[in-house]
Amino acid sequence: MPPEPQAATQPLALQLAEMQTRLGQVEADARQNRLSMVVFSGSLDRIIASLVLATTAAASGMEVELFFTFWGLSALRDAGKKAKKTLIEKMFGWMLPRGTRKLPLSQMHMAGMGPIMMRKIMTQKNVASPEALLATAGELGVIIYACEMSMGVMGFKDEELIDYPHLSRCGAATFIDRAASGKVTLFI
Amino acid sequence: MVARTVDARGKSCPMPIVELSREIKQAAAGEEVVVMADDRAFPSDVEAWCRQTKNELVAVGPEDGYFRATVRKAGR
């Protein structure tokens with residue numbers, strides 16, 4: 001004689017409900033297909049490396065977020081823009097590069113000859129410039145965060161940052177949260 | 001029908017892959033995109049890109065002075 005339908009299905013329904021709950025937890029903990037990168041360095045070579053990886057990851061269907069902090073922030077400055085600053089902030093502003101076109105090389109800088117030669121060679125070899133890579137990154141939806149704390153330390157203002165379609169400010173907790181739930185994290 | 005073609009010859013990493021991804025975005029599922037590139041890293045890069053994006057690498061190989069890859073967009 002077959003068992004009562006109610007008695008047989010009830011435990012199964014409970015099991016299913018528990019499995020659905022567990023599946024929900026697994027999905028919530030699953031790492032998202034995202035690259036979170038700290039761009040700490042303000043040298044031309046490292047900025048190019050960051051942007052090459054960022055654009056490639058975005059072109060590979062990953063969500064990409066770049067967290068610019070300390071010297072890296074120089075790359076986000078727009079030489080054509082001005083901001084109201086205190087004396088110390090002005091001094092920082094004078095000493096630090098104004099945008100990607102003024103970035104030094106981390107090696108073989110040679111009093112400014114290095115970056116000029118590097119750009120010349122890169123043009124000859126058809127390597128995209130950091131400016132072109134930034135434009136591509138913007139078009140591919142790469143998100144840029146400027147570290148609020150470092151902006152304050154360097155005396156950089158919102159008004160002097162480049163026009164970039166996905167640019168905002170954030171703090172360390174945002175990076176940690178995004179890095180913890182993403183698949184790939186880099187520090188350059 | 002004229003196949004979608006990306007001529008990235010003369011361009012270096014990461015532009016051939018960036019341009020391929022742009023073209024794939026425009027394509028319909030099942031449609032093929034042909035990429036020409038002379039970046040020496042391109043054959044291994046296009047293979048890795050297809051693995052990552054789940055698109056199908058139909059063929060990749062050397063031609064006269066460049067590489068030619070055919071990628072089929074995933075999905076139905």
Side-chain angles (χ1 to χ4, degrees), chain A residues 30-37 39 44-66 100 117-144 164-166 182-186 188, chain B residues 4-58 60 63-76:
Chain A
R31 286 170 180 270
Q32 288 148 10
N33 195 21
R34 182 172 56 243
L35 166 64
S36 301
M37 197 190 299
V39 186
L44 179 66
D45 39 6
R46 286 172 185 258
I47 291 290
I48 292 170
S50 305
L51 293 174
V52 166
L53 292 174
T55 49
T56 305
S60 302
M62 293 181 86
E63 206 183 334
V64 184
E65 297 177 342
L66 307 181
T100 48
M117 280 166 55
M118 179 70 84
R119 278 187 187 263
K120 199 173 165 204
I121 294 165
M122 285 177 62
T123 308
Q124 278 168 2
K125 307 217 169 190
N126 277 311
V127 179
S129 67
E131 297 77 33
L133 287 169
L134 256 179
T136 304
E139 181 198 317
L140 293 172
V142 171
I143 291 168
I144 291 183
Y164 185 85
H166 327 286
K183 278 184 179 166
V184 187
T185 307
L186 292 173
I188 297 184
Chain B
R4 287 180 178 269
T5 308
V6 175
D7 188 353
R9 286 177 290 186
K11 290 181 182 163
S12 73
C13 173
M15 294 324 285
I17 291 295
V18 168
E19 289 179 13
L20 165 61
S21 81
R22 269 189 201 135
E23 198 64 32
I24 282 282
K25 215 175 269 177
Q26 305 286 321
E31 206 176 339
E32 289 184 356
V33 175
V34 172
V35 192
M36 294 176 281
D38 51 14
D39 179 14
R40 290 206 300 174
F42 182 71
S44 73
D45 268 14
V46 73
E47 197 189 324
W49 183 84
C50 286
R51 208 179 306 127
Q52 173 73 18
T53 57
K54 313 269 192 290
N55 291 298
E56 185 192 345
L57 182 59
V58 179
V60 61
E63 294 281 325
D64 190 17
Y66 65 95
F67 298 103
R68 183 189 177 92
T70 308
V71 177
R72 186 179 293 133
K73 182 162 175 168
R76 304 189 303 114

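Here is the naming used below: chain letters follow the sequence lines, and residue numbers restart at 1 for every chain.
When the candidates Glu19(B), Arg22(B), Lys54(B) are compared by the number of heavy-atom contacts under 4.5 Å with chain A, Arg22(B) comes out ahead. Of the listed residues (Cys50(B), Cys13(B), Ser21(B)), the one with the most heavy-atom contacts under 4.5 Å to chain A is Ser21(B).
Met15(B) CE to Thr136(A) OG1: the interatomic distance, rounded to the nearest 0.5 Å, is 4.0 Å.
For chain B, the nearby part of Leu140(A) is the side chain; its heavy atoms alone come within less than 4.5 Å. For Met62(A), the part sitting under 4.5 Å from any heavy atom of chain B is the side chain, from C-beta outward, and nothing else. Neither the backbone nor the side chain of Leu53(A) has a heavy atom closer than 4.5 Å to any heavy atom of chain B.
Summarising the geometry of Pro14(B) relative to Thr56(A), their closest heavy-atom pair is CB-OG1, 3.0 Å, with the distance given to 0.1 Å. In plain terms, the two heavy atoms of Thr53(B) and Ser60(A) that are nearest each other are CG2-O, 3.3 Å.
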